[in-house]
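The block underneath contains the structure these notes are about, expressed in structure tokens.
Throughout, residue positions are numbered sequentially from 1 according to the sequence presented. Quick caveat, the model's predicted, so the values are computed rather than measured.
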Amino acid sequence: MQQEDLAYERKLRPIWESIEIGNYKKALQDVDKMLKKKPTLQCARALKAWAYQRLGRTEDSAPLIAALEEEQPIEATTLHALTLYYKETQRLDKICTLFSNAVRQVPGSEELLSQLFIAYMRIDDFKALQTVALQLYKLRPRNSYYFWAVMSVVLQALRGPEAQNAQKAQLLLALAQRMVDKFIAENKLEGAQEAQLYLQILQEQHKYDEAYEFLQGALCQKLYPGAPVYVRIDLLKQLNKWGELNRLLKELLLQEQDRWDYYQDYINSTFELIKAGEKPDGADYTVEMCHEFLCDIIEAQPKKFRGPYLARLELNRRMVELRYAEDQLFGKMSDMLAEYFELFADKPCCALDMKLFLEFVKPASERRALATKLMNGLGLSSATLPASVSIDVCGCCTKEQMQRHICTLQIARYSGAHAIVSEELLHAIYTSLSLHYEHGYNAYGQGLLVTDMGPSDAYALLAAQIMYERAWRMQRSEPAIEALCLLNHLLANSVNNFHGKLLALQLYHRLGLTQAAQSAYEALDIKHIQLDSLGYLHCAQLANAGFPALAKMTYECTLYFFLNDNDANSEFPKALYNFGTFSKLVEIVDFRSRLANSYHYMLVTVETLLLMVVSSGGTLSQLLAAYRQTRRKPHEDRIRWDKLHDNRDLTIFVCWDPPTDDDSAEQPTNNGTCEEKDAVPFRSKPVGATLEERREHLQKLSYEQDYDLLRLRSGLSRMVFSLVELYLSRTTMECTMAQQLRDDWVAVMVDIRSKQHVPISGRYLVNLLPSRLHLYLSLPYDRFFTRLADFALDLWKGHSIEGLTEAADACSSDVTAVFETMKRTIETYHVSVDLLWHWKKTHELVNACIEMISLMVFVLTVCYDKYLHAPASQTQPNAGKKVKKGQSTTDSSGQNAAATANNDTSGTPVIPERDRLVLVTKVLRELKQRINEMDLVLASWKPPVVEDSLSAAIERMSLNPKYASSIQSTIAENALTEVKELRKLLKDKLKLMSKAI
């Protein structure tokens, strides 16, 4: 018998390989041959179900899987095949049931218990993990199995359901401690990871004295001699042993003189000693002693490190924060920064270092004076051209001097020097920086590796940001186009300068050039976790960008990462358990949770579903087939709102824009109107907040708006799909659910509008782009879809012809209103002085209007189809039709006729379905007329153009004219292609309605 099994296993191997390489039809042919010989072969049936699943034939795989589940297989290859099937269908809980049944049949199998442990680990069932780990330990007493159980108890306390109850969490942690104490008493503790886990358990219980005693004890020194020093530092902080911490950090700093984190803790410990009034031996307990220690390091260091100089600045900053008298400070902050500049300005990090302390140079005029002083020291200004300065004086005579010049320019901008100058001077600064970049590239940017960034690239990056600010002030696109030309020139020279790619991506989105933005996004080569942390830069703008196919492709790539990476991440804890790396398990659990509940993931999922309907072509049957493949149960909200996580990386841009000290700086300085006059400044902040606090405030502000955007889009999709489900299933339950989702949608829209969100300012290029929420709030979104839902629900109930006629008329008037909005938007655009500057706002509004119409077409076409194909008996009134006792009347879906009439027992007459069909047709005809008119309006939509004078300006700047012509063709192609795509989309809607009208 064993030989027969081996023979079958050899025959199954080619089937495995066929499935793995994607040859599913070949796999099915081979597996059918095997099943003819041995129909009961479980692994073959599991592989057949898996192949069906890969082909998308879920209805064929389901019976096979159901039969195998009843048989409760125990054979290893069958279990493995079923595990892979369940993983791909996102049914991880079924893997637990699978191995639980197998363990019950083979209770002494270490392999099956280990697999069951891994299955529970994938779904974060920590209590079950504890039980299985103890079973494993009982079967085979190994330390690893025992500490699997200990770690499972810790995870229950920290990340399980009990974590919400502080008392239960403490009891679980106490249990975990007792379990380890037992091993310590029996002298069974063996490894460093076990000692580290014990320290973690003590720290989580705030038993810092015990943890410190254990850390310093002989057992820990023996098992965990390489314990990181930060563990000791953290424990000393928690124990408020500032004197001992101060002494320890002094020792460490004498060994590592450039450790910024040590300096921060050392300075903090000094201030804590001052606050407590303690004067321990060997510790520095006054600011004078602290300063003297830092000066000693500076004098004694063999080479010039930044660390101690930054520490002096940090010490002074803390004294300023704590309001020390001016004569107690160790110098003016501006003078100390000037000294730091003299020492390290030739390093690219110098300006970033100084940025940490520039805000403490007050008032803003003093910051600008500092920037001027530094610039004057170089003999250059931002508007000085290299050609006008002799080679001996020129700030660009050496690479180091060029870097010093770049540093002064960055500090000048951050100090607000550019915020107070005229647009003409801004343009002069831009021109100068462009020429500085060209000079630096020719001198030092030749022959570099492809992966290197040019030493003068920072000139071009700063120039692009300055030119965009000028465009915002003027409300004109020409400066932005010049900035794009410069960025394209930069990227041609430094192909891997991701800062330039990011700025280009932002600029394209600011101007509404979606195709060009897609190219810039692809050039960034964003992969893996960056699709979550950086995907917001592009994906958030695509839903109403006018390129459905492009948006669909990008969304699918993003969703593929989330779905597949979630599977990969579920295997990480397995490796950590196997190697006993318990310290990282909590981090991995948190990481998986953040990824699974990523805001970006949820938004892309919702937008993909809506896009599937809006961008569909073909007939209704084809659309419904696509809809069924991604079918969701609208009443089940799959978004865990309480666990949503904002994973955006807002630090990706290196920002030199000044912190806004007064809101007047946010207004354009020319006579043009600012569309964002009520916008929230990017660096809107609590007064006196630090740079990090401002960033956190901005992230919170923008996330609140994006959170409401997700509520709006999710509520819309669930309501629309519930109406479709109502007409596909025709049950009273679906009607109740649709009514509830309609009411929820109304409540959400009322709540969102009541918050009166204000868009983020667009003054600076690296600002976050405004949330799309404001686009939808500018349209009658709530009224339009609420009336659509009311009409669909009234149609289904069919109680009042007057009410139904009124609802149909309301829908028709809403269609007209949407058309008028779209027409008015394009007419307003046509009379604009600068078409490109107004392109983004215009094309987003147009796309939103078309989306509204498309969703209405989908819902009403489904309604029409159901009434059109209703049996003849259903098109007659039910009144007067006698039904014998015990006889039921059913509709075409097999549902009770009383259910079709919404279980009405009040005697209210039901409108014949023929009359309902007439009313749906009436609205669809209005839709057809307006869609045809929309097509004519789109055909008249003028694309923005680049003036010839701009091309001449590009040539005068010594830039290759090809960049101007490239941008010009990009703008024209983007507009023409978008109009073409939208007109095709409207024709698809007409095709969808072709049977109805």
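- Between the side chain of Lys989 and the main chain of Ile850, no donor-acceptor pair closer than 3.5 Å is present.
- Under a 3.5 Å cut-off, the side chain of Asp834 and the backbone N or O of Trp837 do form a donor-acceptor pair.
- Atom OG1 of Thr861 sits about 5.5 Å away from atom CG of Leu924, to the nearest 0.5 Å.
- Checked against a 6.0 Å centroid threshold, the rings of Tyr727 and Tyr867 count as neighbours.
- Of the N and O atoms on the side chains of Gln541 and Tyr521, not one donor lies less than 3.5 Å from an acceptor on the other residue.
- Looking only at distances, a side-chain donor or acceptor of Gln622 sits under 3.5 Å from a matching main-chain atom of Thr619.
- With hydrogens and angles disregarded, a donor-acceptor distance shorter than 3.5 Å links the side chain of Asn932 to the backbone of Lys928.
- Contacts of Lys922 classified as side chain to side chain contact (heavy atoms under 4.5 Å, CB included), with partners at least two apart in sequence or in another chain: Asp809.
- Under the 3.5 Å distance criterion, the side-chain polar atoms of Glu556 are left unmatched by any main-chain donor or acceptor of Met553.
- A distance of 11.5 Å separates OG in Ser771 from CD in Glu704, rounded to the nearest 0.5 Å.
- The backbone N or O of Leu534 lies less than 3.5 Å from no partner atom in the side chain of Arg648, so there is not a single donor-acceptor pair.
- Using modelled atom types, one side-chain atom of Gln506 and one backbone atom of Asn767 make a donor-acceptor pair closer than 3.5 Å.
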Evaluate the criterion salt bridge (Lys or Arg N to Asp or Glu O under 4.0 Å) for residue pair Lys984 and Glu981; output intermediate values, then yes/no. CA-CA 5 Å; Lys984 179 181 179 298; Glu981 290 278 332; over 6 Å; no
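- In this structure, CG on Leu982 lies 11.0 Å from SG on Cys849, to the nearest 0.5 angstrom.
- Classification of Asp751 and Arg711 as a salt-bridged pair holds, one side-chain N sitting under 4.0 Å from a carboxylate O.
- Ring geometry for Tyr601 against Phe562 counts as parallel: the plane angle stays under 30°, on a 0 to 90° scale with 60° as the upper cut.
- Rounded to the nearest 0.5 Å, atoms CG (Leu710) and NE2 (His600) are 12.0 Å apart.
- Salt-bridge check for Glu607 with Lys552: failed, with every basic side-chain N at 4.0 Å or more from each acidic carboxylate O.
- Between Asn974 and Phe547, some side-chain heavy-atom pair lies under the 4.5 Å cut-off.
- For the residue pair Tyr781/Glu851, the side-chain donor-acceptor check at 3.5 Å is satisfied.
- Between the side chain of Arg713 and the backbone N or O of Leu603 there is no donor-acceptor pair closer than 3.5 Å.
- Note that CG of Leu835 is 7.0 Å distant from NE2 of His830, once rounded to the nearest 0.5 Å.
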What pairs of donor and acceptor atoms, side-chain ones from residues 784-794 against any protein atom, are under 3.5 angstrom apart with sequence neighbours left out?
| unit_1 | atom_1 | unit_2 | atom_2 | d |
| --- | --- | --- | --- | --- |
| Thr786 | OG1 | Trp745 | NE1 | 3.2 |
| Thr786 | OG1 | Asp782 | O | 2.5 |
| Arg787 | NH1 | Asp814 | OD1 | 3.0 |
| Asp790 | OD1 | Arg742 | NE | 2.8 |
| Asp790 | OD1 | Arg742 | NH2 | 3.3 |
| Asp790 | OD2 | Arg742 | NH2 | 3.2 |

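- Leu804 contributes atom CG, which lies 5.0 Å from atom CG of Leu919 (distance to the nearest 0.5 angstrom).
- His509 and His538 have tilted rings, their planes meeting at an angle from 30° to 60° on a 0 to 90° scale.
- A salt bridge between Glu827 and Arg824 is absent, with no side-chain N of the basic residue lying under 4.0 Å from a carboxylate O of the acidic one.
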Between Tyr468 and Tyr764, does the ring pair (Phe, Tyr, Trp, His ring centres under 6.0 Å) criterion hold? Intermediate values first, please. CA-CA 7 Å; Tyr468 173 77; Tyr764 299 119; 8.8 Å; no
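- A donor-acceptor distance shorter than 3.5 angstrom exists from the side chain of Thr816 to the backbone of Ser812, with no hydrogens or angles considered.
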